[in-house]
Amino acid sequence: MNPGDRVRVERADREYEGVLLPSSTADQLVVKLDGGYNVGIEREGAETEVLESDVYQIDAAQDETASSSVEFDEDLPTIALISTGGTIASTVDYRTGAVTARFDAEDVLRAVPDLAGRANYRGRVVANILSENMEVPIWQELAEAVHEEIESGADGVVVMHGTDTMQFSASALSFMLDTPVPIVFTGSQRSADRPSSDNVMNAVCAVEAAKADAAEVMVCMHASESDDVCALHRGTRVRKNHTSRRDAFETVGAAPLGTVDYDAETVTFDGEYEERGESELDIQPALAEDVELVKFTPGMDPTFFDHCADKAGLVVEGTGLGHVHSDRIEQLEELVDDGTTVVMTSQCIEGRVCDRVYDTGRDLLDAGVVEGEDMLPGTAKVKLMWALANADDVAATMRTPLAGEITEQSRPWNA
Amino acid sequence: MTDHDYDELGLVAGLEIHQQLDTDTKLFCSCPTDLREADASTRQFTRYLHPTKSELGEIDEAALEESQVEREFTYLGYDTTCLVEEDDEPPHRLDQEARTVVLEIAQLLDMEPVDVAHVMRKLVVDGSNTSGFQRSTLVATDGEIQTDEGPVRVADLMLEEESAQRIEETEAGVTYSLDRLGIPLVEIGTKPDISSPEQARDAAERIGMLLRSTGHVKRGLGTIRQDVNISIADGARVEVKGVQSLDDIDDIVRNEVGRQVALLDIAAELEERGASVGEVQDVTGVFEDTDSGVVRGALEDGGAVYAVPLYGFDGLVGREIQPDRRLGTELSDHAKRHGAGGIFHTDELPAYGVTEAEVEAMCEAVGAGEEDAVAMVAAEAGVAEPAVEAAAARAETAMDGVPEETRGANEDGTTRYLRPLPGAARMYPETDVPPVELDPSEVAVPELLTEKVERYQDEYDLDAGLAEQVAYGTHMPLFESVVADGVDATLAAGTLESTLTELRRDDVPVADLTDEHLRDALRLVDDGEVPNEGLPELLTALAVNPELTAEEAVEQEDLGGVDESEVREAVVEVVERNADQVAEQGMGAFSALMGECMGALRGKADGDVVSDTLREEIQKRA
């Protein structure tokens, strides 16, 4: 008896007939009845008869054999679609019952037919992971892949990415790459296996953004709950601010770089950006991996910072203007003295760190802590990894804007 | 309506009953199950839907047809809806109260619950679900109910979420209201054991009674919907959706049987004539100078006229197959699905401003002769051709007899084409909600309404009529709860049935009374705080000012009881004012003065106290 077989199961005077599905537990059979409903039946005491083998090829069911042999159109730009997995390219896993990623970029083209006719596409899979499983070497592979695609002529790059850690990857590419073309991250908050998924609109808008003029690393996701406009966020200033909403991604401390109108297929930029072709393509993919991001909260175990001894870098997510408990300052000073670069950011999310206002802050500066300006804590971590591997003066680099991660003037932007 | 010999025709019918549950919260979130007015909406947003494949890699035919037109959906949200309805938050766990009620229903229907219930997604891309699917769970199978004509087996019981309410439809899309989305709904499907129109109605009534016995189902228009599956031996399975009233069920069955018989007759005649369907052709040229308003209107908008010859169909397109609905109406229904306003056909032409000469020219253009018919559609470019093709496809199936399909119930008991029958391909697992192990032993079997009627008579001394009114009425759960709290059963029953009915007839907006109002008002009367006679006035005050509590209304309307000295004072005043009458008639004046006394006390005093006092005062003077 195998998944895909047509079976009849009898248990306790009840009888069910249907297709056996890979069940989620060892104790229960899951049968798809003719009406389409699945039911779970306790294995214990169940009598099962196979009526017909292999009615369905479960594993193959999702894989279409038709290949997407799209004709090359000389009048259209070429966009590289790079998949790292995530909800945008996900489907149901029968073993766990959960949603997993298993599509390559061509599958995405098949899954999102609306992409057709907008560009010539080159598909590429760098990883097939949920983004919470992202690792530093994959950032580097991704950066290399984007570099290669641009080098070989892509007019823009779209990176399909899980939303959980998209902001980290976007930051990483922002620091590792100088790009003459747009690099647009997109994903979806609602899985692709539902008709209401935001994947179609996000992917279409990301391709439109990749064809447009801003040679920036951006995140393209819904601007509101409606399927009307996507926002383009700078990769180093974007943050996932909601667990589930389509418009979870927001630019922190500024308006988004621009918007894409789904219906009108127009891309509009509001602020300053680097234009297409301004920069020479370059890559500096080295990253120091031993960097930690630690959030300070009241009641924190004092030995916590001790675990950061011997780290190359530590980003502290402090309170308010950038503080920790006064008793912890000495520990941080020891870390600095032993060679760890310590950067202060704020858990306020909005606003700039300023350690010159209160005694605690001044003591932190005296201890050698570097102010992280208005950098997002996650962005600061990625930047510190990059700076430790690439910059001569790490502290100065951390305070200098490289990829829009620091704004030099705190202009009120939301009225 | 001619009645057929249903046995001979081999009628088999089954029912699908959808009933909303009256639970505190929705099936997959903690929002209340309250319906709202659209203008109370606090937010709105727009979405598109894109069909997806089932886990077996198939696309549902019905969903595909629905999605061929890209439409924008607008949703109205309220201060009583949340991100779950908006498909912007994963569903919460399957509501516990709904699980309990559905297991009660399973017991009442003599069904076997499944070991583990799996929540499924049923693909629905007409926008009525923000997610693009309806969550539905098979809870139990294998039940049976009794009817006068024998048992009807119940195949399955599903617990699902109600869809969003359609508010408005425009060319650009549809507006839906999120208040109804997610209200728990049970779907009960019978086996095709029903063999007459009367039995269909009987079975539906029986299921309705069983559902109401739980005391946890919603009442009122739209809270219960019946679908009927009907076929005759040589016909095909047709699913009729959305029968709103029980009274219509038998008519729907009769008319559908009539339709299938008529379609089979037509098929036989078409075969005899060697009929066939020709090629769809552009006949715009024929109508260049037409005086027909409909055709001219379409052409002036840059439209076109397409037509299809139906060889051997002459006279059959116009043949009636349901009261006032012809084979041509069926072709028209299919054309409408593709955006056209309908079709014209030669069995009805010349008409609608289309002249005889134009009909002849069209027939000649498509090569149709005297024994043939022609169906035509005038519409905007891009609509006319596919619309005629859809009509032609329907004409093609007319040669085979009855097509399997989903039809919608019309108010007059006839039906119209809606879409193809849905298949198993539209179901796939809802991975956001873990499967639920069901334990039917947690649930007690509810008392049937028929049993309640008996008990109300035995235990509460209600007469048979009132007992039945209460048990089958909308206030049954409230009645049981106030009586359990100690309120006199006769008072509660009389108030909830007679008093409210009388007030409604007097145009008091009793629909605005909450259970809380009724419960408190009954308690105040039962405790003697308010006399019996003051109850109608109290309920009226509450209905007019629903924001008041019962206590506040008593104070505002000054309905609290008066003590005996006040009663005596009022009575003495009345008696003295009518001293002559009392002197003349003695106790004979009692009835006339009683009314006056009650009026003077404005219902604040108990009638027995007033009558005793009045009797005393008259006697003193007599």
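In what follows, every chain begins at residue 1, and chains take the letters A, B, ... in the order their sequences are listed.
Under 4.0 Å is where a charged nitrogen must lie from a carboxylate oxygen, and between Asp87(B) and Arg190(A) at least one such pair does. A salt bridge is absent between Arg43(A) and Asp115(B); no separation between the charged side-chain nitrogens and carboxylate oxygens falls under 4.0 Å.
Side chains of Met120(B) and Lys32(A) form a contact here, defined as non-hydrogen atoms less than 4.5 Å apart. Counting heavy atoms from C-beta on, the side chains of Leu83(B) and Glu225(A) come closer than 4.5 Å. Put simply, the side chain of Phe133(B) reaches to within 4.5 Å of the side chain of Pro195(A), judged on heavy atoms. Looking at His50(B) and Met201(A), their side chains never come closer than 4.5 Å, going by heavy atoms from C-beta outward.
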Subject >> Steps toward side-chain contact (heavy atoms from CB on, under 4.5 Å) verdict (Val116(B), Val39(A)) >> reply: CA-CA 6 Å; Val116(B) 186; Val39(A) 293; over 6 Å; no
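Heavy atoms from other residues, nucleotides or ligands lying under 6.0 Å from CD of Glu132(A) number more than 12. For Lys241(B), the NZ atom sits in a packed shell: over 12 heavy atoms of surrounding residues, nucleotides or ligands are nearer than 6.0 Å.
Between the side chain of Ser196(A) and the main chain of Ser131(B), a donor-acceptor pair closer than 3.5 Å is present. Checking side-chain atoms of Thr46(B) against main-chain N and O of Ser226(A) turns up no donor-acceptor pair under 3.5 Å.
Shown here for Arg194(A) and Tyr428(B), the closest heavy-atom pair between the two residues is CA-OH, 3.7 Å.
Residue Thr74(B) does not touch chain A at all, counting heavy-atom pairs closer than 4.5 Å.
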